[in-house]
Amino acid sequence: MKRILFITCALMAAMTISAQSIQGNWMAPAPFEENDVKGNIYFTFGNTFELKIIATGLIDNMGSITFSASVPGTYKQEGIFLKLNVDDKRSEAKIEKMDFKPEVQQYFDQNPDVKKKLTDGLMPIVTEICDELAKDLGGNQTLTIKELTATKLILLDEDEPMEFTRVQ
């Protein structure tokens, strides 16, 4: 009897997951914070997927930098499993915005070559973060869909839950 109840519950969970669509835009509900960097993680599913991190970090005592790291790929949903195939050759790192204290901005306005050197110096760091993200995802990966509703997605990566909420 317990076995029949377990099988029925598992089937109901699988039917609920397959009835919902993973397609759309998802965001981790809680921002991450590591050292002086704060940011959010986004997942977009359509015909392909994109994992994107947008983060802001402090630049010494000058201001802050907002950057993005984007890793695309393809995916296939098979019941409660989500198979990701990461295309790390197409990953992209970008400096989105740099905000400086007024006196620093004034100095950069008067010396644009210095600002360019700073940007050129920061870009390898942003690229390294993006490359690390692509490497961590590693080629092919299978995640388990623990929960999928119209507003919530919980993925398991080796029993570590990653929660996302649907955004417009």
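Numbers here are sequence positions counted from 1.
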Assess whether atom [atom1] of [X] is packed by more than 12 heavy atoms of other residues, nucleotides or ligands within 6.0 Å.
X    : atom1 : value
D159 : CG    : no
E128 : CD    : no
N61  : CG    : no
E160 : CD    : no

What is the distance from atom CG of L51 to atom CZ of F43, rounded to the nearest 0.5 Å? 5.0 Å
Grab the two heavy atoms, one from [X] and one from [Y], that are nearest each other, plus how far apart they are.
X    : Y    : result
Q23  : G46  : NE2-O, 3.3 Å
L155 : L153 : CD2-CD1, 3.7 Å
V71  : S91  : CG2-CB, 4.1 Å
T165 : P29  : CG2-CB, 4.1 Å
V167 : W26  : CG2-N, 4.2 Å
F32  : N40  : CE2-N, 3.7 Å

Flag, side chain of T149 to backbone of T151, donor-acceptor distance under 3.5 Å: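 Pair found, side chain donor or acceptor close to backbone of T151.
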Where the side chain of R166 meets the backbone of A150, is there a donor-acceptor pair that is under 3.5 Å apart?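 Yes, R166 side chain to A150 backbone: donor-acceptor pair under 3.5 Å.
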Should L58 and I129 be counted in the same cluster of Ile, Leu, Val, Met, Phe, Trp and Tyr side chains packed under 4.5 Å apart? no
Shared hydrophobic cluster, M162 / L156 (ILVMFWY, side-chain heavy atoms < 4.5 Å): no
Apply side-chain hydrogen bond (donor to acceptor under 3.5 Å, both in side chains) to S70 and E50, showing your working. CA-CA 7 Å; S70 174; E50 176 186 38; 2.4 Å; yes
Can you classify the ring geometry of F49 versus F45 as parallel (below 30°), tilted (30 to 60°) or perpendicular (above 60°)?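 F49 vs F45 ring planes: tilted.
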Is there a salt bridge (Lys or Arg N to Asp or Glu O under 4.0 Å) between R90 and D87 once you walk through the steps? CA-CA 6 Å; R90 290 186 34 232; D87 186 356; 3.4 Å; yes
Is it the case that the side chains of E96 and S68 hold a donor-acceptor pair, with the cut-off being a distance below 3.5 Å and no angle test?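 Per modelled atom types, S68 and E96 side chains form a pair under 3.5 Å.
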Can a donor-acceptor pair be found between the side chains of T48 and T74 at a distance below 3.5 Å?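 Judged by distance alone, the side chains do not pair up.
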Are the charged groups of E92 and K94 less than 4.0 angstrom apart, N to O? no
Using 4.0 Å as the upper bound for N to carboxylate O, is an ion pair formed by K115 and D113? no
